**Student:** 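Here it is: the structure, laid out below.
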Amino acid sequence: MPTAVREPRLVVFNEALARRLGLDPESFTKAEATEVAALFAGNRLPESAEPLAQAYAGHQFGRFTVLGDGRAILLGEQRAPDGRLWDIQLKGPGRTPYSRGGDGRAALGPMLREYVISEAMHALGIPTTRSLAVVATGEPVFREQTLPGAVLTRVAASHLRVGTFEFAAAVGDRDVLRSLFDYAAARHDPGLEPGPDQPLAWLLAVAERQASLLAMWLGVGFVHGVMNTDNMAISGETIDYGPCAFLDAYSPGMVFSSIDHQGRYAFANQPRIAQWNLARLAEAVLPLLDADEARAVEKANEVLERFPTRFREHWLAGMRAKLGLADEEPGDAALVDALLEDMQSRQADFTNTFRDLTVKDPSTQWDGDTEEFRSWRLRWMERRSRERGPAATSQERMRRSNPAYIPRNARVEEALEAATKDGDLEPFGKLLDVVRNPYDHARDLPRYSAAPSPEAPRYRTFCGT
Ligand code: AMP
Ligand code: MG
């Protein structure tokens, strides 16, 4: 059960999401503020809620550990009007049997960070868990400093992780593993034919979702930061917004997290890590793939070996869209690689480079232009001239594929600081409004699109636990 907090106060509430879930937003906006805050703090449970903390395991930075919801409690599931089923979970509601030495609590800054970045991801069209509300608890949490406490309400297609299967495998009872598998398959892949090949088809479906997800992350410059197997969802949603951040200057080796010393979860390493995590999933479900272990390994390997190709295909399709290309030509991958190499050598801002290509005339001289970039643009224009579709369609594809606005690190920090130190939610609300409309190229908000100055110190993130 959630542990009641002293003085809950609603900080932010997601009306659009409430509506989508089939909840009546008015019932929240019209209700007594204290009632609503009590609900999202876990002080008062919704009718028919059956709180539980889930067990899971996971490889954290490559090392196996038994974990569980140490600071999260699932309240229950909500059937939305579109028929989809959603987990409603409180993050930071107090200690659970899996809290180990932790307090089961969360701080306001990191919860608002999760809220705004998950909203941005959703608006970018990237599968993600979402945030329904954040309440301040009125209680302090003790980290390196004393911070204001908060509870976030997370909405997810499910909270089944790779680590959930690792846990079931570690229990060592095939029936447990099988029942988890049946549940997951019914929930996320109901279209799969039951039978002996179902587990392999499921593994392939999970891998396919990850290949697609990772391609999307790389397409917007997203660095998750802590891709441990317990932070990878079977649903294919982005989950666990801790030390994540978006690239400014394009750098394949970029790491923001202060604890990722080896660069394990660096920007361009993410697809490889996804494959590594899928290998842990495959190991966990091996007994379901085939009664013969050698055959099971062979089947799993087929899926895993196909992953880099599938990722690359999704990625290339995404990059083609970013460059306004619908047709496929063999030289396209080289064209993209040449652009990225040029961007890396110039430390070019990832988002703004693609934004400029979308809205500027590529044939003219640009501010700060280089010979190399200009000649790349000519090469690209020549390639585009061979597109069979109308130019306007190609242009529209670029507008829909290249965000003008991402949650810029400096703007995120500024908004969180105002909210947590001064109780001023205006910068947070403004940032939310901007990142909820990432493809609005007509909007001119230089403060929200500006790249940091080259002298700015490297942005650092923390797990926020
Ligand atoms: P993360 O790296 O944020 O996904 O967290 C890893 C594990 O640590 C999860 O099992 C969390 O439930 C647990 N954890 C993180 N913060 C806390 C906390 N404040 N109290 C208890 N458990 C926590
Ligand atoms: Mg986690």
Side-chain angles (χ1 to χ4, degrees), residues 1-3 5 41-42 51-75 87 89-115 117-118 128-131 134 137 139-168 170 223-235 237-245 255-261 264-265 270 273-274 277 280-281 461-465:
M1 294 293 279
T3 307
V5 299
L52 65 89
Q54 270 178 290
Y56 54 84
H59 279 81
Q60 299 188 301
F61 290 91
R63 212 181 302 205
F64 183 77
T65 327
V66 176
L67 300 153
D69 287 333
R71 57 154 178 174
I73 292 177
L74 186 71
L75 290 183
D87 273 15
Q89 191 193 63
L90 299 181
K91 197 167 166 180
R95 289 180 53 80
T96 77
Y98 306 107
S99 298
R100 297 176 291 177
D103 58 5
R105 291 294 182 194
L108 181 58
M111 294 306 101
L112 288 176
R113 197 166 190 281
E114 168 153 349
Y115 190 104
I117 297 189
S118 60
T128 176
T129 65
R130 296 192 64 190
S131 309
V134 174
T137 59
E139 295 177 4
V141 294
F142 304 100
R143 302 292 182 260
E144 284 84 14
Q145 308 154 359
T146 304
L147 301 167
V151 177
L152 173 123
T153 303
R154 178 159 71 181
V155 177
S158 87
H159 285 85
L160 299 176
R161 307 148 188 268
V162 167
T164 318
F165 285 84
E166 293 181 272
F167 180 84
V223 184
H224 181 283
V226 60
M227 287 179 70
N228 296 333
T229 56
D230 50 303
N231 293 337
M232 185 189 271
I234 296 305
S235 65
E237 288 181 339
T238 310
I239 191 168
D240 259 309
Y241 291 89
C244 63
V255 170
F256 294 103
S257 170
S258 55
I259 59 166
D260 189 1
H261 306 294
R264 180 180 171 89
Y265 301 138
Q270 296 181 110
I273 291 295
N277 290 352
R280 305 290 79 75
L281 178 63
T461 58
F462 303 89
C463 272
T465 53

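Because only heavy atoms are used, hydrogens play no part in the values below, and waters and symmetry mates are left out as well, while side chains stay in. Note that the structure is a prediction, hence the values are computed from the model and not measured. Numbering of ligands and ligand atoms starts at 1, following listing order.
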**Student:** Just checking Phe61 against Tyr265, ring centres under 6.0 Å apart?
**Tutor:**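 Here the rings of Tyr265 and Phe61 have centres that are less than 6.0 Å from each other.
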
**Student:** If the cut-off is 4.0 Å to any non-hydrogen atom of Arg105, which atoms of ligand 1 fall inside it?
**Tutor:**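 So the atoms of ligand 1 that pass are 19 (N).
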
**Student:** Between the Mg ion (ligand 2) and Asn231, is there an N, O or S atom separated by less than 2.8 Å?
**Tutor:**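 Given the 2.8 Å cut-off, Asn231 counts as a ligand of the Mg ion (ligand 2).
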
**Student:** Using a strict cut-off of 4.0 Å, indicate which atoms of ligand 1 neighbour a heavy atom of Gly102.
**Tutor:**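 Per the distance check, 20 (N), 21 (C).
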
**Student:** Counting from 1, what ligand 1 atoms have a heavy atom of Gly104 closer than 4.0 Å?
**Tutor:**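 So the atoms of ligand 1 that pass are 18 (C), 19 (N), 20 (N), 21 (C).
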
**Student:** Could an N or O of ligand 1 be found under 3.5 Å from any N or O of Asp103, whether backbone or side chain?
**Tutor:**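 By distance alone, the answer is yes.
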
**Student:** Hey, is ligand 1 close enough to Leu67 that some N/O pair sits below 3.5 Å?
**Tutor:**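 Between Leu67 and ligand 1, no N or O pair is found under 3.5 Å apart.
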
**Student:** May I ask you to decide if Gly163's main-chain N or O and Asp230's side chain share a donor-acceptor pair within less than 3.5 Å?
**Tutor:**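 Not confirmed, Asp230 side chain does not pair with Gly163 backbone.
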
**Student:** Check the pair Arg71 / Ser99 against side chain to side chain contact (heavy atoms under 4.5 Å, CB included), numbers first and verdict last.
**Tutor:** CA-CA 6 Å; Arg71 57 154 178 174; Ser99 298; 5.9 Å; no

**Student:** Report yes if Gly70 has an N/O atom closer than 3.5 Å to an N/O atom of ligand 1; otherwise report no.
**Tutor:**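 Indeed, backbone or side chain, Gly70 has an N or O that close.
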
**Student:** Atoms of ligand 1 less than 4.0 Å from Gln60 heavy atoms?
**Tutor:**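 Ligand 1 atoms under the 4.0 Å threshold to Gln60: 6 (C).
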
**Student:** With the Mg ion (ligand 2) as the reference point, give the N/O/S atom of Asp240 that is nearest.
**Tutor:**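 Per the distance ranking, Asp240 contributes OD2 as its closest N/O/S atom to the Mg ion (ligand 2).
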
**Student:** Do side-chain atoms of Ser257 reach the backbone of Ile259 as a donor and acceptor pair under 3.5 angstrom?
**Tutor:**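 Answer holds: yes.
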
**Student:** Report the C-alpha distance between Val151 and Val134 in whole Å, list the side-chain angles of each, state the deciding distance to 0.1 Å, and finish with yes or no for side chain to side chain contact (heavy atoms under 4.5 Å, CB included).
**Tutor:** CA-CA 6 Å; Val151 177; Val134 174; over 6 Å; no

**Student:** Only one of Glu139, Arg95, Lys91 clears side-chain contact (heavy atoms from CB on, under 4.5 Å) with Arg105; which?
**Tutor:**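 Only match with Arg105 under side-chain contact (heavy atoms from CB on, under 4.5 Å): Glu139.
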
**Student:** Has Gly68 got any heavy atom lying under 4.0 angstrom from an atom of ligand 1?
**Tutor:**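 Checking ligand 1 against Gly68, which is what was asked, there is a heavy-atom contact under 4.0 Å.
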
**Student:** Record the part of Tyr56 in heavy-atom contact with ligand 1 below 4.0 Å; permitted values are side chain, backbone, both and neither.
**Tutor:**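 Just the side chain.
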
**Student:** Could you go through the side chain to side chain contact (heavy atoms under 4.5 Å, CB included) check for Leu52 and Ile73 one step at a time?
**Tutor:** CA-CA 6 Å; Leu52 65 89; Ile73 292 177; over 6 Å; no

**Student:** Is there a polar contact, in the sense of an N or O pair closer than 3.5 Å, between Asn231 and ligand 1?
**Tutor:**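 The answer is yes, given that Asn231 and ligand 1 share an N or O pair closer than 3.5 Å.
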
**Student:** Counting each atom of ligand 1 from 1 as listed, which ones have a heavy atom of Ser99 under 4.0 Å away?
**Tutor:**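 Taking each heavy atom of Ser99 in turn, ligand 1 has 21 (C), 22 (N) under 4.0 Å.
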
**Student:** In terms of side-chain heavy atoms, does Gln89 have a donor or acceptor partner in His159 at a distance below 3.5 Å?
**Tutor:**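 Checked: Gln89/His159 side chains pair up, N/O donor to acceptor below 3.5 Å.
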
**Student:** Do any nitrogen or oxygen atoms of Val226 lie less than 3.5 angstrom from nitrogen or oxygen atoms of ligand 1?
**Tutor:**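 Among all N and O atoms of Val226, none is under 3.5 Å from an N or O of ligand 1.
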
**Student:** Salt bridge or not between Asp103 and Arg143? Use side-chain N to carboxylate O under 4.0 Å.
**Tutor:**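 So Asp103 pairs with Arg143 through a salt bridge.
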
**Student:** Would you say Ser118 and Ser131 are linked by a side-chain donor-acceptor pair, where the criterion is simply a distance under 3.5 Å?
**Tutor:**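 Ser118 and Ser131 do have a side-chain donor-acceptor pair below 3.5 Å.
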
**Student:** Counting heavy atoms only, which of Gln54, Arg95, Arg143, Arg100 comes nearest to atom 13 (C) of ligand 1?
**Tutor:**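 Residue with the shortest heavy-atom distance to the ligand atom: Arg100.
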
